Amino acid sequence: MSAQTYAQPHGNLLFHWERPRRRKLAIAGFILASLGLHAVCFYLFQVIYPPAIALLPPPARVSVIAPTSDEARSFLEWLDAEDPALASQTQRPANAPEYQLPKVAHVPSYLTMPPQLKELPPQKPQPNIVSAMPPGPVPMTSPTNPPARVGAPSTLRFSEELDGRAFASPPLKFHASSRAAPESGLFRIAVDDRGIVRFVFLEQSSGDAALDEQAQSDLARVRFAAEKTLPSGSPNEKLTWATATIEFGNDIALPSAEAAP
């Protein structure tokens, strides 16, 4: 067996002892190329195409010079000294007396130019005829007999729930506790099938508590026509709720003037 044939099968089993490639130059080249590319992009997007940034104008500022510091007082004194208006006008010395206007007596215009007065027209003679309507106060005649007072009695009205049902009410005679004109009184009543008023409630006062009590008592004594004949206290008894209005007229007995206060 020759040396060539011996080395051939074992040549693949040995390490390759070639010198390694020089990769450092390739890495350095890639880094330099990346830096160059970044520089080109920065130049394109920051120099050639600068970003559109809207800058707001600076806010307005006002500087007030107040004589609170030495610098401000010095500046104000300098402005007063360099004022061109003061330099161009004549200034009175500080020790000069004040200028006073002379005292001139007032002379009215009608003394220098007297007005021209007009003469009165001649008076016409008046004939000695007595006037049928001489000037004087208008006579006021009052009627001797005052007109008769129109009577307006108090009335009682019910709402539509009790329409068509006859009723009998006591005579409406009211005695007021004050001399003020009362308003209409509004009451809520409940009537059963036999026509008896079971409940009376005050909804709107007339302004006089005495009239409200009297009206409530009179409404409790009103009797309506019976609709059904049921025994007293029957559980089938039905209540009809309605509204009663009492309009007070001038037949109310008013208290005397001494007792009213």
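Just so you know, these numbers come straight off a predicted model, no measurement behind them.
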Pairwise side-chain contact, L156 with V222, heavy-atom cut-off 4.5 Å (strictly under): yes
Note, R165 side chain near V191 side chain (heavy atom, < 4.5 Å): yes
Distance check, rounded to the nearest 0.5 Å: [X] atom [atom1] versus [Y] atom [atom2]?
X    : Y    : atom1 : atom2 : value
L111 : H106 : CG    : NE2   : 8.5 Å
I27  : L32  : CD1   : CG    : 12.0 Å
R223 : R194 : CZ    : CZ    : 9.5 Å
L202 : R188 : CG    : CZ    : 13.0 Å
T240 : D192 : OG1   : CG    : 8.5 Å
K173 : D251 : NZ    : CG    : 10.0 Å

[X] to [Y] - nearest heavy-atom pair and separation:
X    : Y    : result
S184 : T245 : CB-CG2, 4.3 Å
G185 : F248 : N-CE1, 3.9 Å
D212 : S206 : OD1-OG, 2.8 Å
A176 : P255 : O-CD, 3.4 Å
S154 : I252 : OG-CG1, 4.4 Å
H175 : A253 : ND1-CB, 3.3 Å

Main-chain N/O of F201 paired with Q216 side-chain donor or acceptor, under 3.5 Å: no
Donor-acceptor under 3.5 Å (S217 side chain, Q214 main chain): no
Side-chain H-bond candidate by donor/acceptor type, S169 with R221, under 3.5 Å: no
Please determine whether residues [X] and [Y] belong to a single hydrophobic cluster, defined as Ile, Leu, Val, Met, Phe, Trp and Tyr linked transitively by side-chain heavy-atom distances below 4.5 Å.
X    : Y    : result
L37  : F42  : no
F167 : L162 : yes
L186 : V197 : no

E161, CD: over 12 other non-hydrogen atoms inside 6.0 angstrom: yes
Side-chain ion pair, D193 and K238, N-O less than 4.0 Å: no
Distance-only criterion, 3.5 Å: show the donor-acceptor pairs between side-chain atoms of residues 66-75 and protein atoms not counting sequence neighbours.
from: S69; atom 1: OG; to: A72; atom 2: N; distance (Å): 3.4
from: D70; atom 1: OD1; to: R73; atom 2: NH2; distance (Å): 2.3
from: R73; atom 1: NH1; to: P67; atom 2: O; distance (Å): 3.4
from: S74; atom 1: OG; to: D70; atom 2: O; distance (Å): 2.9

Derivation of the side chain to side chain contact (heavy atoms under 4.5 Å, CB included) call for I246 and F174: CA-CA 11 Å; I246 296 181; F174 302 101; 4.2 Å; yes
Derivation of the side chain to side chain contact (heavy atoms under 4.5 Å, CB included) call for F199 and F187: CA-CA 10 Å; F199 302 100; F187 298 87; over 6 Å; no
Check against side chain to side chain contact (heavy atoms under 4.5 Å, CB included), F158 and I189: CA-CA 10 Å; F158 297 97; I189 63 174; 3.5 Å; yes
